[in-house]
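In listed order, ligands and their atoms are each counted from 1. These numbers come from the heavy atoms of this one structure, side chains and all, not from hydrogens, waters or symmetry mates. Index from 1, following the sequence.
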Amino acid sequence: MGLPDATNPYRPGAGIAPPVLAGRDAILERFEELTATVRATAEGQRPWVVTGARGVGKTVLLLELLQRAHDAGWTCARIEAGPPDSLAESLTRALYIPLRQAVGRSRAPRGGDERLRRVLGIFSALRLSLDTGGRLSFGVDVEPPDLSGDLGTDLQELLQALGEWARAEDTPVLLTIDELDSATPEDLRALNRSLHLLGQEDLPVPVQVVGAGQSNLPATLARSARYAERLWEFHEIGALDDVAAAVALTAPAAHLGVAWEDGAVARAVEASWGVPFFLQSIGRFAWQLRRGGTIRRADAETAVELAFADARGLYLARWELLTGAQRSFVSALARLGDEAAVAEVAAELGRRPAGLGRVRADLVARGVVETAGRGRVRFPLPGFAAWVVERDA
Ligand SMILES: Nc1ncnc2c1ncn2[C@@H]1O[C@H](COP(=O)(O)OP(=O)(O)OP(=O)(O)O)[C@@H](O)[C@H]1O
Ligand SMILES: [Mg+2]
């Protein structure tokens with residue numbers, strides 16, 4: 001396999017931008033429309049939530065949206081929800097640099113105009129309420145106003161003030177929140193409430209929020225607020241179709257003068273199920289195995305095996321989070337293959353299908369299995385079923 005090769009273009013990993021972001025044209029086009037509307041109306045639209053299974057490419061999609069907004073001159077902030085930090089803590093940390101830059105740019109005396117000073121005030125008050133020890137200073141005196149103490153209301157005040165400043169500056173704001181499904185229930189409630197209130201203000205502001213999380217996120221959001229389904233706009237992203245998967249493999253190599261044989265592409269696409277993480281992983285191995293300027297079918301075949309072997313840690317991590325009952329279900333499904341009817345799984349376990357409803361729902365919520373048409377389930381990760389069978393043997 002040779003030495004590490006710095007020219008290898010493939011990027012298996014978490015949140016690592018791929019050399020070519022394949023198959024996301026439709027959602028990127030929607031985003032262009034969204035940003036055009038926000039710009040034209042100076043009003044943030046319904047917040048987006050991008051959902052999808054693990055490794056499907058949510059984080060890198062958010063990064064692409066941020067890049068595009070940044071290139072268009074927007075103020076951008078990017079946070080990840082979930083422990084150890086609270087939403088307010090992450091949000092203020094992410095806003096600190098853009099706000100400092102705004103203070104630096106501001107030509108008005110004493111650190112900016114009134115609107116900016118109001119943002120800084122609320123920001124500081126929120127930071128003080130967090131009790132994080134470290135102070136984030138702007139080098140300007142600001143008077144932190146009294147906050148309500150209700151996180152939802154306080155967040156809304158911050159976003160509203162930020163938006164009023166942004167509106168005056170003519171630079172919309174994009175806030176992305178990744179891993180939204182791991183936010184605490186209080187934080188989700190507060191976020192829902194703040195965005196709900198923001199949308200009701202008399203003076204609309206050009207603040208756009210885009211969150212991302214696992215496929216169960218819409219249900220989680222709905223549990224945290226009655227109006228959540230109408231508040232958020234949901235965009236599910238899935239595995240890449242065959243054409244996009246082929247592009248994800250071949251385009252990065254073609255840029256470097258390396259061609260994939262048709263049979264090699266077909267084998268890699270088929271084995272990956274279009275899951276971007278596996279495409280990157282297979283691509284990376286195939287690149288190492290190639291001789292000269294061509295990736296052959298045999299290279300792809302070996303690369304697939306290496307990619308699955310390499311994913312063992314991922315499979316194990318997934319397995320270890322399961323309860324005993326969930327493992328029984330997963331083992332039974334794995335014995336049947338990558339996909340089966342729930343009735344078959346039940347028969348395999350000597351149970352009645354109705355008795356498996358709960359286990360199945362939990363597994364779907366965790367993204368370990370997904371529904372595949374009426375009464376059927378399947379594994380979303382290629383190679384997982386085979387690994388489970390081998391493990392149980
Ligand atoms: N559209 C795409 N085309 C090609 N490769 C992609 C695409 N989307 C993601 N990838 C690659 O897939 C891998 C996983 O991407 P990413 O970390 O964004 O997934 P994710 O959905 O955020 O996963 P998680 O749920 O674990 O956070 C990375 O190696 C990334 O480069
Ligand atoms: Mg991610």
Side-chain angles (χ1 to χ4, degrees), residues 8-31 48-68 78-83 90 176-183 210-218 220 234-256 260 265 268-269 271-287 303 306-308 310-311 313-318 321 364-370 379-384:
N8 197 321
Y10 299 98
R11 296 280 175 274
I16 308 176
V20 172
L21 188 73
R24 301 293 182 225
D25 296 349
I27 192 165
L28 288 173
E29 222 164 273
R30 293 287 298 275
F31 185 72
W48 275 22
V49 158
V50 176
T51 59
R54 284 241 165 258
V56 90
K58 300 175 294 296
T59 299
V60 301
L61 180 63
L62 289 187
L63 293 177
E64 177 69 22
L65 304 186
L66 285 162
Q67 186 64 52
R68 289 178 178 220
R78 164 185 177 215
I79 64 180
E80 231 173 64
S90 310
T176 66
I177 313 177
D178 203 356
E179 308 274 347
L180 197 48
D181 49 309
S182 39
V210 179
Q214 309 298 311
S215 306
N216 61 338
L217 181 55
T220 311
F234 297 103
H235 295 269
E236 169 99 35
I237 60 169
L240 303 184
D241 64 27
D242 287 359
V243 175
V247 170
L249 286 171
T250 55
H255 285 310
L256 298 170
W260 284 70
V265 181
V269 167
S272 72
W273 296 358
V275 176
F277 171 79
F278 278 92
L279 288 165
Q280 296 299 328
S281 183
I282 295 169
R284 192 166 178 82
F285 285 118
W287 182 271
L306 291 171
F308 285 170
D310 197 55
L314 204 118
Y315 302 143
L316 181 64
R318 192 160 278 215
L321 290 175
V364 170
R366 280 169 175 266
V368 177
V369 303
E370 59 188 20
F379 293 115
L381 266 193
F384 186 59

Exercise for the section: With the Mg ion (ligand 2) as the centre, enumerate protein N/O/S atoms below 2.8 Å in chain and residue order. Expected result: T59 OG1

Practice task
Would you please indicate if the ring centroids of F278 and F308 are separated by under 6.0 Å?
Solution key: yes

Practice task
Please list all pairs passing the salt bridge (charged side-chain N to carboxylate O under 4.0 Å, His left out) test where one or both residues lie in residues 58-68, with sequence neighbours left out.
Solution key: E32-R68, E64-R68

Exercise for the section: Decide yes or no for F384 and V368: does some side-chain heavy atom of the first lie under 4.5 Å from some side-chain heavy atom of the second? Expected result: yes

Could you check ligand 1 for N or O atoms lying under 3.5 Å from protein N or O atoms and list the pairs with distances?
from	atom 1	to	atom 2	distance (Å)
ligand 1	1 (N)	A22	N	3.3
ligand 1	1 (N)	A22	O	2.8
ligand 1	3 (N)	V20	O	3.4
ligand 1	3 (N)	A22	N	3.1
ligand 1	5 (N)	Q280	NE2	2.9
ligand 1	12 (O)	F277	N	3.4
ligand 1	17 (O)	G15	N	2.5
ligand 1	18 (O)	T59	N	3.2
ligand 1	18 (O)	V60	N	2.9
ligand 1	19 (O)	G57	N	3.1
ligand 1	21 (O)	V56	N	3.2
ligand 1	21 (O)	G57	N	2.9
ligand 1	21 (O)	K58	N	2.8
ligand 1	21 (O)	K58	NZ	2.7
ligand 1	22 (O)	T59	N	2.9
ligand 1	22 (O)	T59	OG1	2.8
ligand 1	23 (O)	G55	N	2.9
ligand 1	25 (O)	R54	NH1	2.9
ligand 1	25 (O)	K58	NZ	2.7
ligand 1	25 (O)	Q214	NE2	3.2
ligand 1	26 (O)	R54	NH1	2.7
ligand 1	27 (O)	R54	NH1	3.3
ligand 1	29 (O)	R11	O	2.5
ligand 1	29 (O)	G13	N	3.1
ligand 1	29 (O)	G13	O	3.3
ligand 1	31 (O)	R11	O	3.3
ligand 1	31 (O)	I16	O	2.6
ligand 1	31 (O)	P18	N	3.4

Would you be so kind as to tabulate the donor-acceptor pairs closer than 3.5 Å made by side chains of residues 13-29, with sequence neighbours excluded?
from	atom 1	to	atom 2	distance (Å)
R24	NH1	G238	O	3.3
R24	NH2	V56	O	2.9
R24	NH2	G238	O	3.0

Problem - Test item: T220 side-chain N/O and N216 main-chain N/O as donor-acceptor pair under 3.5 Å - result: yes

Practice task
Could you tell me whether a side-chain N or O of W260 sits under 3.5 Å from a main-chain N or O of L249, the two making a donor and an acceptor?
Solution key: yes

Practice task
Could you check if a side-chain atom of T59 sits within less than 4.5 angstrom of a side-chain atom of E80, using non-hydrogen atoms only?
Solution key: no

Completion exercise
Heavy atoms of A81 and S182 approach each other most closely as O-OG, 3.8 Å

Exercise for the section: Look only at the side chain of R318 and the backbone of G367, and say whether a donor-acceptor pair between them is shorter than 3.5 Å. Expected result: yes

